[in-house]
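Here the structure comes first, spelled out in structure tokens, and everything after it is commentary.
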Amino acid sequence: MNYWNALLSFITVVLCQSAVLAIEPTSSVKVTPVLKTETSWDGQPIVYPPGQAEITGLIVEIAPGAETGWHLHPVPSFGLMLAGELTVTLRDGQVKILKAGDALAEVVNVAHNGRNLGTVPVKLIVFYAGAVGQPLTIEQAVK
């Protein structure tokens with residue numbers, strides 16, 4: 001799956017999650033759902049923050065052998081792996097391994113660390129459903 005097709009597919013699915021898709025499939029338009037959930041990957045319900053809504057989209061690249069460092073997101077975020085493999089570990093020891101093509105609803109207010117244990121760069125696109133003035137990520141001390 002090339003980068004731009006993956007991005008377009010992800011944006012289409014995120015913006016069109018309802019009983020009826022906003023873009024109806026036809027013989028010349030293919031619609032492939034990649035994520036539809038009411039919970040983050042640790043099973044917690046997704047709750048949007050109060051305030052003026054603000055959507056932020058980021059492309060994140062992690063070099064082989066690198067890691068994000070312990071952090072948490074105080075707002076819901078939704079990601080799609082474009083390349084590589086990412087190992088995400090929670091403080092309680094839960095591990096989620098993400099590969100190219102995987103989509104997920106990220107954990108909210110739960111400290112985690114992402115590590116690229118592979119030999120190729122990790123590339124993922126993440127959309128945050130936040131509020132104006134609210135941080136997307138908060139660094140956490142290593143324990």
Side-chain angles (χ1 to χ4, degrees), residues 1-25 29-143:
M1 177 182 289
N2 88 29
Y3 171 81
W4 292 111
N5 285 342
L7 174 60
L8 181 59
S9 294
F10 183 73
I11 291 170
T12 300
V13 171
V14 168
L15 296 177
C16 301
Q17 290 298 318
S18 65
V20 177
L21 293 174
I23 299 174
E24 293 298 324
V29 176
K30 180 179 179 184
V31 178
T32 305
V34 294
L35 177 68
K36 184 174 183 177
T37 185
E38 296 174 4
T39 64
S40 57
W41 69 262
D42 65 346
Q44 297 302 308
I46 295 171
V47 178
Y48 295 110
Q52 174 61 49
E54 181 177 66
I55 302 296
T56 303
L58 303 174
I59 294 173
V60 178
E61 298 183 41
I62 304 170
E67 59 188 274
T68 62
W70 287 95
H71 64 284
L72 62 80
H73 306 288
V75 301
S77 60
F78 314 93
L80 177 67
M81 288 286 294
L82 302 174
E85 182 174 303
L86 183 65
T87 300
V88 181
T89 305
L90 304 184
R91 289 249 193 242
D92 68 6
Q94 286 187 71
V95 174
K96 180 89 170 167
I97 298 175
L98 301 164
K99 298 178 181 182
D102 289 347
L104 86 155
E106 183 62 273
V107 294
V108 179
N109 286 319
V110 175
H112 57 283
N113 183 41
R115 296 175 29 191
N116 180 353
L117 300 175
T119 58
V120 299
V122 163
K123 286 188 181 181
L124 65 145
I125 186 162
V126 182
F127 290 91
Y128 296 87
V132 172
Q134 185 172 30
L136 304 177
T137 302
I138 300 171
E139 290 184 28
Q140 298 290 289
V142 177
K143 293 184 182 180

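The chain is numbered in sequence order, starting from 1. The shown structure was predicted, so the numbers you read here are calculated from the model rather than taken from an experiment.
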Check whether any side-chain heavy atom of Val122 lies under 4.5 Å from a side-chain heavy atom of Met81, and answer yes or no. yes
Output for pair (Glu54 CD, Leu136 CG), nearest 0.5 Å, gives 7.5 Å
Shortest non-hydrogen contact between Ala103 and Leu80, atoms and distance: CB-CD1, 4.0 Å
Closest approach of Ala131 and Pro50, non-hydrogen atoms and distance? CB-O, 3.4 Å
By side chain to side chain contact (heavy atoms under 4.5 Å, CB included) - contacts of Asn109 (at least two apart): Leu72, Pro74
Could you tell me whether a side-chain N or O of Asn116 sits under 3.5 Å from a main-chain N or O of Leu86, the two making a donor and an acceptor? no
Could you walk me through whether Val110 and Trp41 pass the side chain to side chain contact (heavy atoms under 4.5 Å, CB included) check? CA-CA 11 Å; Val110 175; Trp41 69 262; over 6 Å; no
To the nearest 0.5 Å, what is the distance between OG1 on Thr56 and CZ on Phe127? 10.0 Å
Partner residues of Ala63 under the side chain to side chain contact (heavy atoms under 4.5 Å, CB included) criterion, sequence neighbours left out: Ala66
Heavy-atom check, side chain of Arg91 versus side chain of His112, under 4.5 Å: no
Say whether, by atom type as modelled, one donor and one acceptor occur between the side chain of Ser77 and the main chain of Val126 under 3.5 angstrom. no
Say you draw a straight line from CZ of Phe78 to CD1 of Ile55; how long is it, rounded to the nearest 0.5 Å? 8.0 Å
So do Val108 and His73 actually touch side chain to side chain, heavy atoms under 4.5 Å? no
Compile the donor-acceptor pairs under 3.5 Å between side chains in residues 94-102 and protein atoms, sequence neighbours left out, one pair per line.
unit_1: Gln94; atom_1: NE2; unit_2: Asp92; atom_2: OD2; d: 3.0
unit_1: Asp102; atom_1: OD2; unit_2: Lys99; atom_2: N; d: 2.8

Minimal non-hydrogen separation, Pro64 against Gly118, with atom names: CB-O, 3.4 Å
Nearest atoms (heavy-atom pairs only) where Ala129 meets Val75: O-CB, 3.7 Å
Looking at every non-hydrogen atom in both residues, tell me the closest pair between Glu67 and Asn113 and how far apart they are. OE1-ND2, 2.7 Å
Cut-off 3.5 Å, side chains only: do Trp70 and Glu139 have a donor facing an acceptor? no
